[in-house]
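Both counts, for ligands and for their atoms, begin at 1 and track the order of listing. Worth knowing before you read on, the calculation uses all heavy atoms, side chains too, and leaves out hydrogens, waters and symmetry mates.
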Amino acid sequence: MAIAQAQPNIALVKYWGKRHGGMNLPAVGSLSVTLESLWTQTEIEFDPDLPEDLFLLNGLPDPVGLSRVSRCLDPIRERASCTHKARIRSRNNFPTSAGLASSASGFAALVTAAIAALNLDVSDEEKNQWARWASGSAPRSLYGGFVELRLHDTPAPGHTELVPLATPADWPLEVAVAITSLSTKSVGSTAGMSQTANTSPFYESWIRAQPLDLEEARTAVQARDFEKLARVSEHSCLKMHGLALAGKPGLIYWNGATVNCLAVIRDLRAQGIPVFFTVDAGPQVKAVSEPGAIQQVAGILRQIPGVLEVMTSRLGPGARVLSGAGKPHPSDP
Ligand code: 2P0
């Protein structure tokens with residue numbers, strides 16, 4: 001048995017689209033920041049007497065999530081020569097499947113907990129791969145701070161490498177998450193990416209330009225150049241949504257409050273407040289600021305009609321074991 005925690009990550013240079021050939025290989029690299037105060041905690045217990053895997057999300061059975069959870073666990077069980085089914089209890093302290101990267105934190109926590117519970121000694125590469133098979137953005141949540149998912153042509157086309165670029169202490173940016181809807185999104189990321197790849201006229205140019213965006217964001221992080229990171233992050237966000245909007249049928253992940261938040265964040269930056277926006281496959285807006293500015297930004301976002309709630313976070317660490325594999329339970333004295 002083990003318990004692990006992982007936090008969602010927010011892509012500044014977005015992943016959108018998969019390579020042909022299966023294995024959930026992304027078509028493009030990406031660059032993200034891992035958050036601190038939003039989290040998934042997952043407890044897993046392998047039990048020889050259990051006939052099937054059992055999965056509770058926030059205390060309730062989740063039959064749709066269960067099949068993805070079992071698929072994620074199967075290669076880890078195989079590696080450990082374990083045939084036991086598992087009881088999995090997962091909790092998010094933020095809305096699930098609403099564009100807040102719950103699958104990234106969820107599968108990063110699950111893989112980390114399963115490895116600990118089975119006492120497996122594995123390479124980072126194996127761990128990254130298990131997380132990526134479950135969800136393309138999940139391996140980024142295995143690491144803290146600024147993380148790049150890099151694509152290589154060797155040893156095989158589409159080989160992925162996870163590169164931590166800077167820690168939260170190196171550049172302590174802060175994030176405000178404006179929640180504008182609590183509904184589960186109508187088109188999930190996997191289906192949305194496939195629809196975009198098959199029908200958007202801009203897809204090829206999206207793939208071609210991604211290395212340039214990654215290079216710009218990487219050098220911005222290395223130089224702690226906020227203005228440069230702001231420009232490339234907003235560009236990548238708007239380009240990803242433009243790409244998805246141009247598919248057939250076009251994918252509209254935003255609502256009116258989303259658009260109002262973007263306009264307000266642009267205005268704030270024009271007034272000299274160091275903040276930029278990004279939006280993932282959902283209507284929530286993430287505002288990223290230099291240290292010290294986030295409470296002011298959050299206060300302004302809370303005034304926008306349609307904004308239900310604003311959560312703030314620093315950047316945080318990667319996935320980690322809270323108990324099990326020799327560690328005591330966090331609530332033990
Ligand atoms: C990202 N997103 O880079 C992009 C930006 C959403 C928008 O990765 O199909 O749940 O499981 O690999 O990782 C969300 O998609 O997709 C995502 P799958 P995932 O964060």
Side-chain angles (χ1 to χ4, degrees), residues 6-35 38 40 64-65 67-69 71-72 92 94-111 128-143 146-151 158 160 162 175 177 184-198 200 203 206-207 210 213-214 217 232-245 247 251-254 258 277-286 288 319:
Q7 291 81 236
N9 67 77
I10 309 283
L12 303 183
V13 178
K14 307 288 187 194
Y15 146 55
W16 198 251
K18 298 174 197 287
R19 275 185 180 244
H20 295 297
M23 313 300 279
N24 205 27
L25 280 173
V28 289
S30 53
L31 190 150
S32 61
V33 287
T34 302
L35 302 184
L38 281 67
T40 300
V64 178
S67 60
R68 272 184 96 179
V69 163
R71 273 204 310 279
C72 175
N92 291 329
F94 62 95
T96 300
S97 296
L100 286 174
S102 55
S103 65
S105 54
F107 287 110
L110 180 66
V111 165
N128 296 342
Q129 182 171 273
W130 288 330
R132 196 203 69 231
W133 284 343
S135 179
S137 54
R140 298 188 314 234
S141 275
L142 294 171
Y143 301 88
F146 296 78
V147 182
E148 183 178 351
L149 187 152
R150 228 171 253 178
L151 288 184
T160 57
L162 274 296
V175 179
V177 180
T184 302
K185 58 194 170 206
S186 58
V187 181
S189 297
T190 308
M193 285 183 205
S194 156
Q195 187 168 312
T196 302
N198 292 333
S200 178
Y203 189 65
W206 159 258
I207 307 266
Q210 189 79 343
D213 290 350
L214 284 168
V232 68
S233 299
E234 291 191 354
H235 173 64
S236 180
C237 164
L238 295 174
K239 192 163 50 166
M240 182 206 108
H241 285 276
L243 181 72
L245 281 163
L251 284 174
I252 306 172
Y253 282 116
W254 300 356
T258 313
F277 63 72
T278 189
V279 187
D280 292 300
Q284 330 301 2
V285 176
K286 289 92 180 196
V288 181

Given the options Trp254, Trp16, Phe277, His241 meets ring-ring contact (aromatic ring centres under 6.0 Å, His included) only with Trp254
Identify, for atom 10 (O) of ligand 1, the protein heavy atom at the shortest distance, and state residue, atom and that distance.
Ser103 OG, 2.9 Å
Just how far is it from atom OG of Ser103 to atom CG of Asn92, taken to the nearest 0.5 Å?
10.0 Å
Region of Arg140 that comes within reach of ligand 1 [heavy atoms, distance under 4.0 Å]:
side chain
State, to 0.1 Å, how close Pro283 and Thr258 come at their nearest heavy-atom pair, and which atoms those are.
O-OG1, 2.8 Å
From Asn9 atom CG to Ser30 atom OG, the distance as rounded to the nearest 0.5 Å:
8.0 Å
Would you check, one step at a time, whether the test salt bridge (charged side-chain N to carboxylate O under 4.0 Å, His left out) holds for Asp213 with Lys14?
CA-CA 10 Å; Asp213 290 350; Lys14 307 288 187 194; over 6 Å; no
Closest candidate by heavy atom, reference atom 6 (C) of ligand 1, pool Gly192, Ser135, Ala281
Ala281
Report the part of Ser137 in contact with ligand 1, treating N, CA, C, O as backbone and CB onward as side chain, heavy atoms under 4.0 Å; options are side chain, backbone, both, neither.
both
Among non-hydrogen protein atoms, atom 14 (C) of ligand 1 lies closest to Ser189 OG, 3.3 Å
Treating Thr196 as the side-chain partner and Gly192 as the backbone partner, does any N or O pair qualify as donor plus acceptor under 3.5 Å?
yes
Pick one of side chain, backbone, both or neither for how Arg68 approaches ligand 1, counting any non-hydrogen atom pair under 4.0 Å.
side chain
When rounded to the nearest 0.5 Å, the distance separating CG of Leu149 from CG of Asn128 is 8.0 Å
Judged by non-hydrogen atoms, does Arg132 sit under 4.0 Å from ligand 1?
no
For atom 4 (C) of ligand 1, what is the closest protein heavy atom, and at what distance to 0.1 Å?
Tyr15 O, 3.1 Å
How close does the nearest protein non-hydrogen atom get to atom 16 (O) of ligand 1, and which residue and atom is it?
Met193 CE, 3.6 Å
Tell me whether ligand 1 is touched by Ala104 - counting only heavy atoms on the residue side and a distance under 4.0 Å.
no
Consider side chain to side chain donor-acceptor pair (under 3.5 Å). Of Gln129, Arg132, Lys18, which one does Asn24 pass it with?
Lys18
So which heavy atom in the protein is nearest atom 5 (C) of ligand 1, and how far is it from that ligand atom?
Asp280 OD1, 3.4 Å
Does ligand 1 have a heavy atom under 4.0 Å from the side chain of Ile10, from its backbone, from both, or from neither?
neither
closest protein heavy atom to atom 18 (P) of ligand 1 is Lys18 NZ, 3.3 Å
Within the structure, does Thr190 bring an N/O atom to less than 3.5 angstrom of an N/O atom in ligand 1?
yes
